[in-house]
Amino acid sequence: RFFLSNFSVLSSPASPRCFSVLRWFVMAFKRPVSKRSCPTDEDEDFVVKPSKKRKTKMPSTVRIQSVETIACAVRQLFESKADPARAAQMNRYMRDQFNHFGLQAPVRRALYPEAYSRMKLDKPSSASPAWPPERLIFFIKELWRLPEREMQHFAMDLAEKQRALLFGDLKKAVGLVKFMICEKSWWDTVDMIATHLVGYIVQEHGGRGEALMDAWIQDKNMWIRRSAILHQLSFKGKCNEERLFRFSLKCAHEEEFFIRKAIGWALRQHARLEPVTVKKFVLQHGEKFSTLTKREAMKHLASVKVK
């Protein structure tokens, strides 16, 4: 409005105010325009100073060690008590199939409290430990892959103490025990797994567990069949005699030493409660069983009279 009302005066070259007004007009249009809608720091009247907020202390995150790291820590604990001379004897006894630290069972089990402490699992027999089942299964498998045999024995003992947690889900339970049976297979691990882990699974899952054993007795893997024969070894009065005798006859023709030995062992164990029945069964099917099987089954039945 000022410019228009004074246009005639300002437009005159002789006007002394011409250049100053024009300079003001040009400078007004040269002022940079911010692309943001909010005021800039140059506009002091609109500067918003940050308020001083109290810094809240964030909770420290819990560092969870990997399963591999914990397994190595437990292995180092066992290695610290190694006995090379005894380890050489153990290697020979196991036909040099596995390496050993040379730890006998009492020495190995004495290290368990410290091992559980390193695992942050101070109560391994608790029904609700600090570890979820999936993580515990992964840890047991990681122990199983380590070269020393003591690590597999520790894994078995841990699985037995945690079996209520581990074996609630039949599918996961079978996956774990089959892995333990089929990997690094030998009698020292398979027999313990069959009697303390597989037997527990069968009792816990009833008919589904029994159906599983009916499938295992026909499995191609010899150690799986041996586990099916031995799974009732600790059942005592709850042993299913019909299944025991049926499994024994099913595998009686096999020439495998560990199968023949397992049949005799299972029958001998049942004979502690039913000596007459077992002796009668062996005598009735004597031609089907090997000499080894009959010798094992009848070891304590010489004085038992059968009508």
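This chain uses plain numbering: 1 for the first residue, then up along the sequence. Fair warning: this is a prediction, and the values are worked out from it, not measured in the lab.
In terms of hydrophobic clustering, with Ile, Leu, Val, Met, Phe, Trp and Tyr side chains grouped at heavy-atom distances under 4.5 Å, Phe289 and Val306 are assigned to different clusters. Connection of Leu273 to Met298 is not established within any shared hydrophobic cluster, with ILVMFWY side chains joined at heavy-atom distances below 4.5 Å, either directly or through further cluster members.
Distance alone, capped at 3.5 Å, places no donor-acceptor pair between the Asn221 side chain and the Cys182 backbone. Not one N or O on the side chain of Arg226 forms a donor-acceptor pair closer than 3.5 Å with the backbone of Ile259. Remark: side-chain polar atoms of Arg225 are paired, donor with acceptor, to backbone N or O of Lys220 under 3.5 angstrom. Using a distance-only test at 3.5 Å, with no hydrogens or angles considered, no donor-acceptor pair links the side chain of Lys288 to the main chain of Leu249. At least one donor-acceptor pair closer than 3.5 Å links the side chain of Arg163 to the backbone N or O of His196. Glu150 places a side-chain N or O within 3.5 Å of a backbone atom of Gly102 that can act as its donor or acceptor partner. The backbone N or O of Pro113 lies less than 3.5 Å from no partner atom in the side chain of Ser117, so there is not a single donor-acceptor pair. Between the Gln269 side chain and the Gly264 main chain, no donor and acceptor come within less than 3.5 Å of each other.
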Between Asp157 and Met192, is a side chain to side chain contact (heavy atoms under 4.5 Å, CB included) present by the stated rule, with each step listed? CA-CA 9 Å; Asp157 290 341; Met192 188 275 182; 3.9 Å; yes
Side chain to side chain contact (heavy atoms under 4.5 Å, CB included) for Val304 and Val276? Distances and angles first, verdict last. CA-CA 7 Å; Val304 176; Val276 176; 3.9 Å; yes
Thr189 and Met156: CA distance, side-chain angles, deciding distance, side chain to side chain contact (heavy atoms under 4.5 Å, CB included) verdict: CA-CA 8 Å; Thr189 54; Met156 288 189 299; 3.8 Å; yes
Decide side chain to side chain contact (heavy atoms under 4.5 Å, CB included) for Glu210 and Arg243; before the verdict, give the C-alpha distance in whole Å, the side-chain angles of both, and the deciding distance to 0.1 Å. CA-CA 9 Å; Glu210 293 174 357; Arg243 189 188 310 133; 2.7 Å; yes
Do Arg260 and Glu254 pass the salt bridge (charged side-chain N to carboxylate O under 4.0 Å, His left out) test, and can you show the C-alpha distance, the side-chain angles, and the key distance before you say yes or no? CA-CA 7 Å; Arg260 292 180 171 183; Glu254 295 194 36; over 6 Å; no
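Counting heavy atoms from C-beta outward, Asp188 and Met94 have side chains that approach closer than 4.5 Å. A 4.5 Å side-chain heavy-atom check between Lys178 and Asp219 finds at least one atom pair inside the cut-off. No side-chain heavy atom of Ser227 sits under 4.5 Å from any side-chain heavy atom of Ile193. Looking at heavy atoms from C-beta onward, Lys81 lies out of side-chain contact with Phe101 at the 4.5 angstrom threshold. Taking the side chain as every heavy atom from C-beta outward, Arg149 and Met90 never approach each other to under 4.5 Å. Within the 4.5 Å cutoff, the side chain of Val74 has no heavy atoms near those of the Glu114 side chain. Proximity of Phe78 to Arg108: side-chain heavy atoms (C-beta onward) are separated by under 4.5 Å at one or more points. Ile137 places none of its side-chain heavy atoms less than 4.5 Å from the side chain of Phe179.
Counting all heavy atoms, side chain and backbone alike, Arg135 lies closest to Ser66 at NH2-C, 4.4 Å. Contact detail for Cys251 and Ile229: the closest heavy-atom pair is SG-CD1, 4.1 Å. Across every non-hydrogen atom of Leu267 and Ser248, the tightest pair is CD2-OG, 3.9 Å. Heavy atoms only, all atoms of each residue included: Lys161 and Tyr116 are closest at CD-OH, 3.4 Å. Between Ala173 and Ile201, the closest heavy-atom pair is CB-CD1, 3.8 Å. The shortest heavy-atom contact between Met213 and Val198 is CE-CG1, 3.5 Å.
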Indicate every side-chain donor-acceptor pair of residues 164-171 with a distance under 3.5 Å to a residue at least two apart or in another chain.
{"from": "Asp169", "atom 1": "OD1", "to": "Lys171", "atom 2": "N", "distance (Å)": "3.0"}
{"from": "Asp169", "atom 1": "OD1", "to": "Lys172", "atom 2": "N", "distance (Å)": "3.1"}

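Heavy-atom contacts from other residues, nucleotides or ligands closer than 6.0 Å to NZ of Lys280 number 12 or fewer. Environment of NZ in Lys250: sparse, with no more than 12 heavy atoms of neighbouring residues, nucleotides or ligands closer than 6.0 Å. Heavy atoms of other residues, nucleotides or ligands lying less than 6.0 angstrom from CD of Glu242 number more than 12.
Here Phe281 and His285 bring their ring centres to under 6.0 angstrom of each other. Proximity of the aromatic rings of Trp144 and Phe139 is defined here by a centroid distance below 6.0 angstrom, and this criterion is not met.
Between atom CG of residue Leu176 and atom CD1 of residue Ile140 there is a gap of 5.5 Å, rounded to the nearest 0.5 Å. With rounding to the nearest 0.5 angstrom, the OG atom of Ser234 is 12.5 Å from the OH atom of Tyr200. Atom-to-atom distance recorded for Leu158:CG and Leu136:CG is 5.0 Å, nearest 0.5 angstrom. Here CG of Asp191 is found 10.5 Å from NZ of Lys261. Values are rounded to the nearest 0.5 Å. Rounded to the nearest 0.5 angstrom, Arg272 CZ and Leu301 CG are separated by 10.5 Å. Here CD of Glu148 is found 10.0 Å from CG of Asn91. Values are rounded to the nearest 0.5 Å.
Note on ring orientation: taking the six-membered ring where Trp is involved, the planes of Tyr93 and Trp187 are perpendicular (angle over 60°, cut-offs 30° and 60°). His231 and Phe235 have perpendicular rings, their planes meeting at more than 60° on a 0 to 90° scale where under 30° would count as parallel.
Between Glu241 and the choices His270, Arg246, Gln232, the side chain to side chain donor-acceptor pair (under 3.5 Å) rule is met once, by His270.
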